[in-house]
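Following: one structure in structure tokens, then a few remarks.
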2 protein chains.
Amino acid sequence: MNAPAQPEACFSIAAVERDTGLAKDTLRVWERRYGFPTPARDANGERVYPPDQVDKLRLIRRLLDHGRRPAGVVGASVDELARMLDDCVCPPGAAPATREDGLLQLVRLHRSAELNAALRQALMKQGLQRFVADTVAPLAAAVGEAWVRGEVEVPEEHLFTEQVQNVLRSAIGAHATPGGQPRVLLTTFPEEEHVLGLLMAEAMLVPEGASCVSLGTRTPLADIRSAAVGGGFDVVGLSFSIAYPARQAIDDLLELRAMLPPEVAIWAGGAAVRDKQKRLPGIRVVGGLDDTLAALAEWRAARA
Amino acid sequence: MNAPAQPEACFSIAAVERDTGLAKDTLRVWERRYGFPTPARDANGERVYPPDQVDKLRLIRRLLDHGRRPAGVVGASVDELARMLDDCVCPPGAAPATREDGLLQLVRLHRSAELNAALRQALMKQGLQRFVADTVAPLAAAVGEAWVRGEVEVPEEHLFTEQVQNVLRSAIGAHATPGGQPRVLLTTFPEEEHVLGLLMAEAMLVPEGASCVSLGTRTPLADIRSAAVGGGFDVVGLSFSIAYPARQAIDDLLELRAMLPPEVAIWAGGAAVRDKQKRLPGIRVVGGLDDTLAALAEWRAARA
DNA sequence: GAATCATTTTTGTCCTGGACAAACAAGATT
DNA sequence: AATCTTGTTTGTCCAGGACAAAAATGATTC
């Protein structure tokens, strides 16, 4: 009946930038170089992107985050893109998910209450640290993959993040240990807006008696410095998601290292810095959640 | 000793855009029209902004958020800007803060544990709803004003947000009422990243037996629609901070109204939509936190 | 075969200066 | 007091050129 569905559902270049994370300049230069996207023009000569091209741009964005290069993906058909996404996602994991499958089914809008109950139950059963390492982290990875494959909608991923946040923040609050050592400042760089990595790290550290202060995401470099120095912290912990450009992570970390006094340790964790230890002198690369505990033990041993 | 302090502390135009929220195009056009800012150029001819100009741009940004126009503020001296900020901030409140003064002192990096304890204590004493309306909301406003006046640092404001989040999310989780009516979907538009307004609304609604699902911030319009329809919600609640342009809030809300079936109510709250009820037919403008309860009562009365 | 280095290609970001519509202020009219 | 001009301010968009950082490729050495 409603043939054009949403007749007004067209996107300005600013709207596309918001929705896809691709800069306006990038969108224009792709059009010039690769012949895609091909927006229409309005009466004023300004670009008007149809929804299907925006969807395709979102796919492309995800492929770039997984290491593909524009020449290979901009201009491919939607089918080809979908095939590439399968290639990106399946081979590394081999086992395509097992235990988390059950929970993954609950990442649906209409099942939010069930997901919440299941998460709290798992937390009770496993304790905070195992819950984070064995349930939350694999589930978050599974949701990310499912989103890449289009099996999970944007609002469902949002909802998942919110619910995990609720559970983790409650649990962390219940473990409060004032005066513990070391004093850890947790945050992310301004371009990184994913908060779950931070919360998971905090959840690993707090039960060990460390006293964590989280600034949340997107803290400017200069402010991280002033907070770390002014607050008398022993460790600054940074979290990087898969989408953070590895090169920039390294540059930013080295710049922060130069700004901070040497007695303040820097711990960096997340997909973008994995296996980059040799390029990051003076920084402790945390390879995974359990490695957080190793880093903590090392710090305490060095202080003993 | 260290004469230039941070010799490398200079900003590219992209860094300034991140830190101030002013678009690159805007920064360039201000330079052309008003003669400010006046960045140096690097060897490559690209703009390099000194830190003091970035600080001034941040002041200007805050004044614009308070309704000033660029012609009057871009190009004024820092002293004049500071005076304008006092004018903006003081007159409306008259009483420049009273009860919250004590808590405001705790919004310091080194007093985070005290702030956390004080918040939890106030929550216990007042109950969730009074805590939100009488303590959190005024305190958040006071922190915002103190930030405008430069009395609170960026990391301290971040920390404040984090701590309030921790307390509110714990408390909301403890009130879980599955199956309650109405079913409320809470989120913000993609340009709005402040989360406290959402949490405060949720904290008002949950004790009344409403069942709230929060998607967090920055949900694209189309996804709000699909979530509301697919999840069978009765109400969609949107939150707008003072920084959200009023005009865009109205346009976006009307667009969402047109996308949603009429039986789904829209509630909009926050500084950007206050007093805009007459321009928002079909939308319930929530004037303040206590008005949330009135909106809820209206909805239930209409369904009775 | 793997690691290091030099060269070429790819790719994102920045530049200038012009254009224009939406937002706003102010005055005129009902 | 509300609504409708008219003029000014202001943010965003455009084109198309330029360039450096990143990645791929190939050459050389251990």
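By convention in this document, chain letters (A, B, ...) are assigned in the order of the sequence lines, proteins followed by strands, and residues within each chain are numbered from 1.
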Any donor-acceptor N or O pair under 3.5 Å, side chains B:T219, A:H158: yes
My understanding is that only residues two or more places apart in sequence, or in another chain, count here; which of them pass ring-ring contact (aromatic ring centres under 6.0 Å, His included) with B:F189? B:F240
Side chain to side chain, B:L198 and B:E192, heavy atoms closer than 4.5 Å: no
Tell me, please, which residues at least two apart from A:N44 pass side chain to side chain contact (heavy atoms under 4.5 Å, CB included). A:D42, A:E46
A:R61 and A:D65 ion-paired at < 4.0 Å: yes
Residues in salt bridge (charged side-chain N to carboxylate O under 4.0 Å, His left out) contact with A:D19, at least two apart in sequence or another chain: A:R58
Assess, by modelled atom type and distance only, whether the side chains of B:Q53 and B:T38 contain a donor and an acceptor separated by less than 3.5 Å. yes
Five-pair end axes of the helix from C:dG1-D:dC30 to C:dT30-D:dA1 and the angle they enclose, rounded to 10°: 40°
Could you state the CG-P distance from B:D42 to C:dC14, rounded to the nearest angstrom? 11 Å
Phosphate oxygens OP1/OP2 of D:dA20: is one of them under 4.0 Å from a side-chain N or O of B:N44? yes
Could you pull out every donor-acceptor pair under 3.5 Å between side chains of residues 21-37 of chain A and any protein atom, sequence neighbours left out?
from  : atom 1 : to    : atom 2 : distance (Å)
A:K24 : NZ     : A:E17 : OE1    : 2.8
A:E31 : OE1    : A:R47 : NE     : 2.7

To the nearest angstrom, how far is A:E31 atom CD from C:dT11 atom C1'? 16 Å
If a protein heavy atom is under 4.0 Å from the base, mark B; if only from the sugar-phosphate, S; if neither, -; do that for nucleotides 2-14 of chain D going 5' to 3'. -------SBBBBS
